[in-house]
Each structure stands twice: as structure tokens, then as C-alpha cells.
Amino acid sequence: MELLFERSRAGRGMDLLPGCDVPEADFAEGLLRQEAPKLPELAEIDLGRHYTELAKETHGVNDGFYPLGSCTMKYNPRINEEMSSLPGFTAIHPLQPENSVQGALQVMYETEKLLGEITGMDSITLQPAAGAHGEYTGLLLIRNYHLSRGDKGRTKIIVPDSAHGTNPASAVMAGFSVVSVPSNADGGVDLEALRAAVGDDTAGLMLTNPNTVGIFDPNILEITSIIHEAGGLCYYDGANLNAIMGVVRPGDMGFDCVHVNLHKTFSTPHGGGGPGSGPVGCKAFLADFLPTPQVRLSDGVYSLFAPANSMGQVRSFGGNFLVVVRALAYILTLGKEGIPEASTNAVLNANYMMSLLKGKYDMAYDTVCMHEFVMTLEKLKHDYGVAAMDVAKRLLDFGIHPPTMYFPLIVHEALMIEPTETESKETLDKAAELFLNILEEAKTDGEALHHAPHDCYIGRPDEVNAARKPVLTYSFA
Ligand SMILES: *Cc1c(COP(=O)(O)O)cnc(C)c1O
């Protein structure tokens, strides 16, 4: 496919710039660039075709089933996009006086209140721009809390091995060292190992729940009390709240802070990599340490303020505001009944699809799952030489996006499937049938699977180089 620069022809440009609505400024000589930027010059129709061609080469949730586990690539209702594109939200500036952006401050205030209700927390900051950023912010809350009490020896964060990979990374970023505790045979935290790991140096625990194998830890209350008895705090990784929202609350399970990913559970598409938002909630005793600014309401007027012992800003202004607008629209549209219904359906769909595949594909854990389940293709690979990668790639030929592969790391030849709440029974039946057909193919004609997909523009890219050495600029040479 030709790139924009390759399609470009000198002089073919089309520019329709609106009239300048601010006074023209005089720039000092040295500030102006010496030559015009090299921009592609194309007619509108050619530009349109370029992007349409690109769109056809990707697979989105509008193209078909997209069962990517742990990330919740779910369908985000259009109305939320519409709300976030209202000019009253898109045409404001964060430096405007507060009295001219009362509506925007109200959106932030109400979203904070609703997320507080959903997570069982007393205060929320909307600043963090992503899940890992939320983790970092929450860990700074924990750190600042211990330090404010003169408790300087709490340097360790306990992270179960079934945690999301960002958990240990965030703990190190926040200046802690990480103690890993193993899972038990059922996929939950090994309580004996946890008891042995806590001590005077425990700053806290980070728990991904449901964990990365899709299991809600049955000992959750015991886990949080073991940590609290040791003087540590409990952090709940709620990046993916899709299994529990409106059903149970981290705050009721003994957690002191939590982050949620608005770009997973609360209706911002994140297929292209952003923008995201990872609000952090905390119990009242941590609220003074939250980032600034926070929004408050008094005498019917919304205003920004800095919490007493604030850690400062973790991002510019109020965070990714338009993502917050989508989340508020989503929560208000679903309402108090719709929120738990979405989660219950997500869990039901995952269990339904798992039941269709069970007995044919090997499940990593023989238990009821939450919003996603993990299969292990270790035996298939051993017996027939067909790997998880081959099965995942073959799905593309039938218009299904591959599930997450080789994650979680503690399961070999893993395929992690998350159907999400909006998929119909017919879609799940059809997808399960395809999975079973591919299993048959693997056993009879495994060789063909090594070359799948057969019908895609790009089949098996060099993923390491694509991730480590992406080519993001055009070389004019
Ligand atoms: C996605 C995810 C994260 C990280 O969120 P980002 O927005 O990608 O930084 C953390 N924990 C869990 C459980 C996740 O699913």
C-alpha cells in the first residue's frame, strides 16, 4: 500500500483553513522556521481513499468478534462518542476561568462521585492518563501515607505472580522493591506464602482481581486482613472492572485504593493506543495525599482545590477530560440496574463460551471463570505441533480477532478469551464452532496452520522489531 508521501504530487494540495479568529502575532525572526514543512499534497478524494484502505486492513469491533482477554476490547456505545464531541466539551480551554466552565467541572465532580460509588471509595482523582499511571499514583499515596507517619521502613510491595505485568513495574517506578508470592493450584494467592512474605517492611499489596487467569480470589477478605495486620495497605488493580462493576466493590473487600481504566470498562475505545484514563480512588484517610487539582462543590458552585498534603500533579490540568465525559455518559446511560447487568452478562458470556470449548480444548483452571477464561494448548503443541500462535492466526481467516496469546505467563501456550457482555448467543456459538473446526484442522492438517492467516494483508509480522524498533517517520531520501 502506498503511503501518503508516496501518493503526494507537488501542487495538488487542498487547504481550507478557517479565518483567523485571534489577533495575528508578530514573531521574532529567529522563531520562524526557515523552510516550509514537507507535508504530503493530495486531493481530498485521494486522502479519503488512503484512510479507507487503511481501515479495511485492520480488524475492529465493528468488523467482527474481538475476544482479546484482559484488555476488554468491548463495544463502546456510539452515544458516548457523541456526548464527548459536543462543542461545549471540545471547544473549552483548561485555563479558562472556573465560572466559565462550570459544566465541565460538574462532569468531573459527578464522575468522581459515581466512580466512588462503584468502587466503594471516598475520593477519586481523574488525573492519571492510563492504568499503569494510576497504579503509580496509587502507590505514591501508599508511600506518602507511610512516610507522613514517620514509618520509613516500609519499602516492599507484595505482588502475586498472577498480577498484571504493570503491577511490579509500577511498584519499582514508585521506589519500592517487589516481593512476588506464588499462586496456589486453584489460581488464587497462596495464603501461606503471603503470610510468610509480610512483615514490618511491607508497604502494601497490589492485587489484580479478577487476576490474570480470570479468577476472583475466593480468599480476598483474608488476603486484605493479612496485609492490614502487618501494617500495610491494600491496592486493588481494577483496570478491568468488567466482571464486578455494580456487583461487588473493592472498598468493601478491604482495599484502601484502586484504579479503574475508563478505556477498558467505561467506554473509551483503546484499540489505537489512546487516549486513556486511569482514575484512582482511595479511602478518606488517604484523600489528603491525592494529586491536585480536585473538584469540589459548595453553594452550587464547582471549583478546583489542592488537597492538604497533595503529591502535586501527575498530569497536566484535569486529566484526559473527554474520556471522562464518555465514562459519565456510559454510567448514566446504563444506570444502577444496567451497570451490574453488563458485568453479569460479561461473566455469563465467558462461562457460556468456556462450556462450549471445555473437554475439547484444555482449560488452564477447572473452575467457573469471571469475564475471561484461559486455555492451554500445551498438549496440542506436544501431540500435533500446532501452537497457540497458529490457532490464533487461523481465526483471522474467519473474521475473528485472535484472543490474547502467551499471556498470562504462568500458563503455557495460553489463549485468553474475553467475549464481553454485548456479544449475542449466536456470535458466541459461531465463534465456538470455529474454534472447534480449527482444532480438527490442527489434528488433521497441522502444517497448513503454520502458515495462517491466508487472507490477511499482513500475516505474521516481526513482532519484536515492530514493538522495539517501529519506523514512525518517513525518510525522504
Ligand atoms: C490493562 C491493564 C493494566 C494497565 O493499563 P494501561 O492503561 O495499559 O496502562 C493494568 N492492570 C490490568 C489488570 C489491566 O488489564
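Whatever order the structure lists ligands and atoms in, that order sets their numbers, starting from 1. Basis for what follows: all heavy atoms, side chains included, without hydrogens, waters or symmetry-related copies. Quick caveat: nothing in here was measured; it's all calculated off a predicted structure.
Aromatic ring centroids of Tyr66 and Tyr75 lie 6.0 Å or more apart. Taking the centre of each ring, Phe65 and His401 stay at or above the 6.0 Å mark. The distance between the ring centers of Phe321 and Phe89 falls below 6.0 angstrom.
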Practice prompt. Show your working on side chain to side chain donor-acceptor pair (under 3.5 Å) between Asn76 and Glu81 and close with a plain yes or no.
Written response: CA-CA 8 Å; Asn76 300 297; Glu81 284 304 307; over 6 Å; no
Item to complete: Go through the steps for Thr208 and Asn167 under the test side chain to side chain donor-acceptor pair (under 3.5 Å), then give the verdict.
Response: CA-CA 8 Å; Thr208 303; Asn167 294 181; 2.7 Å; yes
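A donor and an acceptor atom, one from each side chain of His371 and Asn349, are nowhere located under 3.5 Å apart. Side-chain contact check for Thr376 and Asp362: no donor-acceptor pair (N or O, by modelled atom type) lies under 3.5 Å.
Ligand 1 has a nitrogen or oxygen under 3.5 angstrom from a nitrogen or oxygen of Ala132. Polar contact with ligand 1: absent for Thr208 (N/O pair, distance under 3.5 Å). The shortest N/O to N/O separation between His263 and ligand 1 falls below 3.5 Å. On a distance-only criterion, Asn261 and ligand 1 share at least one N/O pair closer than 3.5 Å. For His133, no nitrogen or oxygen atom sits less than 3.5 Å from a nitrogen or oxygen atom of ligand 1, counting backbone and side chain alike.
Remark: Lys113 is positioned above the aromatic ring of Tyr109, its terminal NZ or CZ atom under 6.0 angstrom from the ring centre and at most 45 degrees off the axis.
Closest protein heavy atom to atom 15 (O) of ligand 1: Lys264 NZ, 2.7 Å. Of all protein heavy atoms, the one lying nearest to atom 6 (P) of ligand 1 is Gly131 N, 3.4 Å.
His270 does not count as a contact of ligand 1, since none of its heavy atoms falls under 4.0 Å from the ligand.
The option from Thr212, Leu207, Val260, Asp237 that lies nearest to atom 13 (C) of ligand 1, judged by heavy atoms, is Asp237.
Under 4.0 angstrom from ligand 1, the non-hydrogen atoms of Ala130 come from both its backbone and its side chain.
Protein heavy atoms come within 4.0 Å of atom 11 (N) of ligand 1.
For ligand 1 and Glu135, the ligand atoms under 4.0 Å from any heavy atom of the residue are 10 (C), 11 (N). Atoms of ligand 1 found under 4.0 Å from any heavy atom of Ala239 (numbered from 1 in listed order, with element): 2 (C), 3 (C), 10 (C), 11 (N), 12 (C), 13 (C), 14 (C), 15 (O).
Heavy-atom neighbours of Asp366 CG from other residues, nucleotides or ligands within 6.0 Å: at or below the threshold of 12.
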